[in-house]
Amino acid sequence: MSIATKYSPKEVENKWYSYWLEHKFFQSQPSEKPSYTIVIPPPNVTGVLHMGHMLNNTIQDVLIRKARLKGYNACWVPGTDHASIATEAKVVAKLKSEGVEKSSISRDEFLNHAWDWTNTYGGKILNQLQKLGASCDWDRVKFTMDDDLYESVIHTFIDLYNKGKIYRGYRMVNWDPEAKTTLSDEEIIHQEKQGKLYYINYHVEGTDETLCIATTRPETLFGDTAICIHPEDERYQHLKNKRAIVPVVNRSIPIIQDEYVDLEFGTGCLKVTPAHDENDKMLGDKHQLEVIDIFNDDATLNHYGLDYQGKDRFEVRKLFAKELEQKGHLIKVENHINKVGTSERTGAVIEPKLSDQWFLKMQDLAKPALDAVLTNKEVKLFPKKFENTYKNWLENVRDWNISRQLWWGHRIPAYYIGEGKNDFVVAKNADEALELAIQKTGNPTLSHADIHQEEDVLDTWFSSWLWPMSVFDGIRNPENEEFNYYYPTKDLVTGPDILFFWVARMIMAGYEYTDQKPFENVYLTGIVRDKQRRKMSKSLGNSPDALKLIEEFGADGVRVGLLLSNSAGNDLLFDEALCQQGKAFANKLWNAFRLIQGWEVSTEIEQPEHSKLALDWYAAKFQATLSEIEDHFSKYRISDALMQTYKLVWDDFCSWLLEIVKPAYQQAIDAKTLKSTLTLLEDNLKLLHPFMPFVTEEIWHNIKKRTTNEALIVATWPEQANFDVQFLKDFEITKDVISGVRNIRKEKNIAFKESLQLKLINNENFDAKFNTVVEKLCNLQPLQEVNEQVEGAFSFRVLANEYFIPIEGAVDVEAEKEKLFAELTYLQGFLKSVEKKLGNEKFVANAPEKVVAIEKQKQEDALAKIETVKTSLEALN
RNA sequence: GGGCGCAUAGCUCAGUUGGUUUAGAGCGUCUGGUUUACACCCAGAAGGUCGGGGGUUCGAAUCCCUCUGCGCCCA
């Protein structure tokens, strides 16, 4: 049978993915086995697969596949979230392109369009994940707007409201005038922007005097209700208790004093606009100032803006500055860099705005979430460094504004009865609301027509914070079998950018509703950037097409490429070369298999000594590496685990083991060696499978015919056994001897075909059994031990052993001497450093015995080696 | 302005409670190679004194201080 010299992933990947699906290997049901559960961070339903998803989901798949091999009942729950703002924006845009304005249709009509959109375009990303090899239980796909999850959200809202944790408040919120909704603090990106600082004169009422304020936002002047000065500011003492006149508007406003004013900034005079700045709001509350809101919902000015009514805030800024200038109020304009909040979703500049919103009190919820991570360590963050950030946020947590002025999402279950601020009830549905309303008002004649449900929906995170529970129906039905079996989940893999607004809140919800952690370990991945450290973004066009990458390098190649350079928490600088490396690795593995598979077996041949040794060595090496790999996994160092596996397979298995056991050209291999080699290859495949599921399953089935139950995906992870450390060390020395010979061949340009002699002075008393390995790999005649320097030979040393390759007449004595001198210099330098330590009385007295012993051993070794080098030098003289 | 973190080979990173031969890996670079598994390969080499300075210690990449540069979070 001839197989291609190059591994081609495409058909193989489709074949095995269908096979796994068909045989339901990804499916999980509660069983006797211990559970290992991961819930996917639900991607946005509007999303398409990007590099961040690829990394994130590759890591989850590695963890879940490894758990499956280790005999856990592995369950990976996939799903998407409804992404209120993003989805609503897409639907609005689509309707607009069809000539329909959102404002012209009813809420129900709009929701129908949104569902159509979701059903048509949504969830595409889940299909894309399959290409990556994701072994999710696809029978469990969830969506945050599914009926059961919707109910869970509503249930939670009502419960928290009844517990007194949800309240309505008139607060300063972050208003996105483009999406026309509020945003949470976390959804805002602060950017430095080049702006201007305008110096504007106000008349002091009843005098000829003026005072000058500095502002970055002259257009908010329409909403000014005070001027503020510092009580200790020498410059303005005479203004105390006077009033100022707002230019153009001609409104009289008080001049107040507050230590809040920064004496150094601008003129030391601050205009106060309580409706449009958080700090001004605070001043306004303190000094009982009037509040004048000058903006419409789309950030155009309302009637307070006088002539500018209906015009956009930025346009007004320019026009109004001009008017102020013409009228002599504008003194000067300076360039000024200030930080501006922009919407993560729409990019619009955020407008601080006062409005009625729903808030969730965070103080009590934060406490157990803080303890879980920092005190009880029930939830562990990887890498640990994020604990500080987590702590910082939770200790300074602010109430969560959970309402959004949108239609797409979970509609807040509050029903208004009248105009008053507290004239509402919270209930599961209109009927229950009516009942409550009658109770509350004592008016039995109320009907459905008298109550009206809140128009706003809940923040998307208010549904995803329940995700680990709600996907198993743990909110509505906490005693159900699945929830008890799968929850708490095991690992959560996500980005540090949502540590607060998702991870922390899930922990809060977990303790609030189950008194338990929602997951045990949180692995925080880095952000995928390009080679120049720029974030991948659509606008930069620096994000490669994920599916094309898979097409080009194979899913295994891309997975390996992404993982290789990614350590937890560090950003990943993506480079296609990494995928190329992954692809090459798959090909290497494929060819190793081809080699073994192509050997002809003979039962007549005895197992050669070198093969037996090499197989024993690899078995030991495998065990040593396995323990390192397990250690890496236990610390969530996935890339280190992969690199260990990579080197084990490429270097140890292919470059050493296979080269040693490989029969000579057109010779057969003995049956024993072949059998052992195949077993070892199978063990390799098990270790590799979580990283490279496709190529490993393919080779697994090519090795021999297997039944469904014998598929690699459900094989058994190799068991950890003891291994002989000394044996491994001896083999390393053997490798050094081989390198020594190879070096001489290379330096002296001696072809491999030319068989050589190797003689040694065995000062170290090495076991001669390793000689056969050296002979095989270096094409040598049987090694000979000698007692004296061999003349007319190239030489090298390994530890205190001396090796000689006799070559007639070809030895350049001077060159040899030079080489020996270099070695001698190094050794003497080394010896000096060791002896310096040993000569230090304090070192000998204070250092642990073990450390001193090591230094003494180093000294002895160095002395012995120096001796051999010197002897060689003398021999050349 | 407050807080946190980082700085080790050309690049990306390891280096676990300070001590196992004058610091490791992968990639890249360089040198050689038509050994029929693989050039998506094989063999080999060069390359850092651990950002600068100071301190603690018998001993510091590792602990402390300070300076410089960078990143992140919060205001």
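Residue numbering restarts at 1 for every chain, and letters A, B, ... go by the order of the sequence lines.
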Can a donor-acceptor pair be found, under 3.5 Å and without considering hydrogens, that links the side chain of A:Gln644 to the backbone of A:Ile629? no

Can you check the distance between B:G53 and B:A46, where both ends of the measurement are the C1' atom (answer in whole Å)? 31 Å

Using a cut-off of strictly less than 4.0 Å between a heavy atom of the residue and any atom of RNA chain B, enumerate the qualifying residues of residues 646-654 of chain A by number. A:Tyr646, A:Lys647, A:Trp650, A:Cys654

Provide the distance between the two C1' atoms, one in B:U31 and one in B:G71, to the nearest whole Å. 40 Å

Aromatic contact between A:Tyr523 and A:Phe382, with the criterion being ring centroids under 6.0 Å apart: yes or no? no

Just name whichever nucleotide pairs with B:A7, Watson-Crick or G-U, keeping both distances under 3.5 Å, else none. B:U68

Determine whether a donor-acceptor pair (N or O, by modelled atom type, separation under 3.5 Å) exists between the side chain of A:Asp399 and the backbone of A:Met362. yes

Assuming nearest nucleotide by heavy-atom distance, tell me which of A:His632 and A:Lys753 is located more 5' along RNA chain B. A:His632

Looking at A:Thr389, I'd like to know whether one of its side-chain N or O atoms comes within less than 4.0 Å of OP1 or OP2 on B:G5. no

Using side chain to side chain donor-acceptor pair (under 3.5 Å), reason through A:Asn392 and A:Tyr390 one step at a time and then give a plain yes or no. CA-CA 5 Å; A:Asn392 203 277; A:Tyr390 182 87; over 6 Å; no

P-based separation of B:U57 from B:A75 [nearest Å]: 44 Å

Using atom P of each nucleotide, how far apart are B:G15 and B:U62 to the nearest Å? 14 Å

When both distances are under 3.5 Å in a Watson-Crick or G-U wobble arrangement, the nucleotide paired with B:G44 is B:C30

Does B:G44 have OP1 or OP2 sitting under 4.0 Å from an N or O in the side chain of A:Ser739? yes

Protein-nucleotide distance (A:Leu642, atom CG; B:U12, atom C1'), rounded to Å: 15 Å

B:A37 OP1/OP2 closer than 4.0 Å to side-chain N/O of A:Lys662: yes

Can you say whether the rings of A:Phe633 and A:Phe691 are parallel (under 30°), tilted (30 to 60°) or perpendicular (over 60°)? parallel

Presence of A:Lys385 side-chain N/O under 4.0 Å of B:C72 phosphate oxygens OP1/OP2: no

Between B:A14 (P) and A:Lys635 (NZ): distance, integer Å: 14 Å

Identify all pairs in which a protein N or O lies below 3.5 Å from an N or O of nucleotides 30-34 of chain B, and state each distance.
{"from": "B:U31", "atom 1": "O2", "to": "A:Lys746", "atom 2": "NZ", "distance (Å)": "2.4"}

In whole angstroms, how far is the P atom of B:U57 from the CG atom of A:Asn840? 13 Å

Candidates B:A45, B:A37, B:U36 - which lies nearest the side chain of A:Asn743: B:A45

Distance in angstrom units between A:Leu838 CG and B:U22 P, rounded: 12 Å

Rounded to whole Å, the CE-P distance (A:Met643 to B:G24) equals 17 Å

Does B:C41 have OP1 or OP2 sitting under 4.0 Å from an N or O in the side chain of A:Arg594? no

Is the base of B:C73 stacked against the aromatic ring of A:Trp393, taking ring centres under 5.5 Å apart and planes under 30° as the test? no

Taking atom P in both B:C38 and B:U21, compute the distance separating them and give it to the nearest angstrom. 39 Å

Does the pair A:Lys635/A:Asp631 count as a salt bridge with the N-to-O cut at 4.0 Å? yes

Nucleotide forming a Watson-Crick or wobble pair with B:U12, both distances under 3.5 Å: B:A25

What contact category does A:Phe585 fall into here, base, sugar-phosphate, or nothing, at under 4.0 angstrom with non-hydrogen atoms? nothing

Rounded to whole angstroms, how far apart are CG on A:Leu573 and C1' on B:U12? 7 Å

Aromatic ring pairing A:Phe830/A:Tyr826, orientation class (parallel under 30°, perpendicular over 60°, tilted between): parallel

Partner nucleotide of B:G1 by Watson-Crick or wobble geometry (both distances under 3.5 Å): B:C74

Measure from the side-chain heavy atoms of A:Asn392 and tell me the nearest of B:A43, B:G3, B:C58. B:G3

Side chain proximity check, A:Ile507 to A:Trp502, heavy atoms < 4.5 angstrom: no

Classify the ring geometry between A:Phe585 and A:Trp650 as parallel (under 30°), tilted (30 to 60°) or perpendicular (over 60°). parallel

Rounded to whole Å, CG of A:Leu499 lies from P of B:C72 at a distance of 16 Å

Heavy atoms from C-beta onward define the side chain here; which of B:A14, B:A37, B:A43 lies closest to that of A:Asp640? B:A14

For B:U8 and B:C70, measure between their C1' atoms and round to the nearest Å. 16 Å

Is there a side-chain contact between A:Asn388 and the phosphate of B:G5, meaning an N or O under 4.0 Å from OP1 or OP2? yes

Is A:Asn587 reaching over with its side chain to a backbone N or O of A:Lys583, donor-acceptor style, under 3.5 angstrom? no

Of the candidate nucleotides B:U21, B:U16, B:U36, which contains the atom at the shortest distance from the side chain of A:Tyr665? B:U36

Out of B:U21, B:C58, B:C41, which has the shortest distance to the side chain of A:Lys588? B:C41

Classify A:Glu659 by what it touches in the nucleic acid, base, sugar-phosphate, or nothing, heavy-atom distance under 4.0 Å. base

In whole Å, measure the gap between the P atoms of B:A61 and B:U56 for me. 16 Å

Say you pick atom C1' in B:A7 and the same atom in B:U12; how far apart are they, in whole Å? 14 Å

For B:A61, which nucleotide in any strand shown is its Watson-Crick or wobble partner with both distances under 3.5 Å? none

Inspect the contact between A:Arg797 and A:Asp736 and indicate whether a charged nitrogen and a carboxylate oxygen are less than 4.0 angstrom apart. no

Quickly work out the A:Lys583 NZ to B:C27 C1' distance and round it to whole Å. 18 Å

In terms of the nearest nucleotide of RNA chain B, which residue is placed more toward the 5' end: A:Gln666 or A:Arg529? A:Gln666

Relative to the ring of A:Trp393, is the ring of A:Phe500 parallel (under 30°), tilted (30 to 60°) or perpendicular (over 60°)? parallel

Which nucleotide, if any, forms a Watson-Crick or G-U wobble pair with B:A39, using both distances under 3.5 Å? none

Classify A:Gly598 by what it touches in the nucleic acid, base, sugar-phosphate, or nothing, heavy-atom distance under 4.0 Å. nothing

Ignoring the backbone of A:Phe830, work out which of B:U21, B:C40, B:C27 is nearest its side chain. B:U21

Whether over 12 other heavy atoms sit under 6.0 Å from A:Lys748 NZ: yes

Can you spot which of A:Asp652, A:Asp651, A:Asp730 makes a salt bridge (charged side-chain N to carboxylate O under 4.0 Å, His left out) with A:Lys735? A:Asp652

Would you mind classifying the nucleic acid contact of A:Lys6 as base, sugar-phosphate or nothing, using non-hydrogen atoms under 4.0 angstrom? base

Regarding A:Lys837, tell me which of base, sugar-phosphate or nothing describes its non-hydrogen contacts under 4.0 Å with the strands shown. nothing

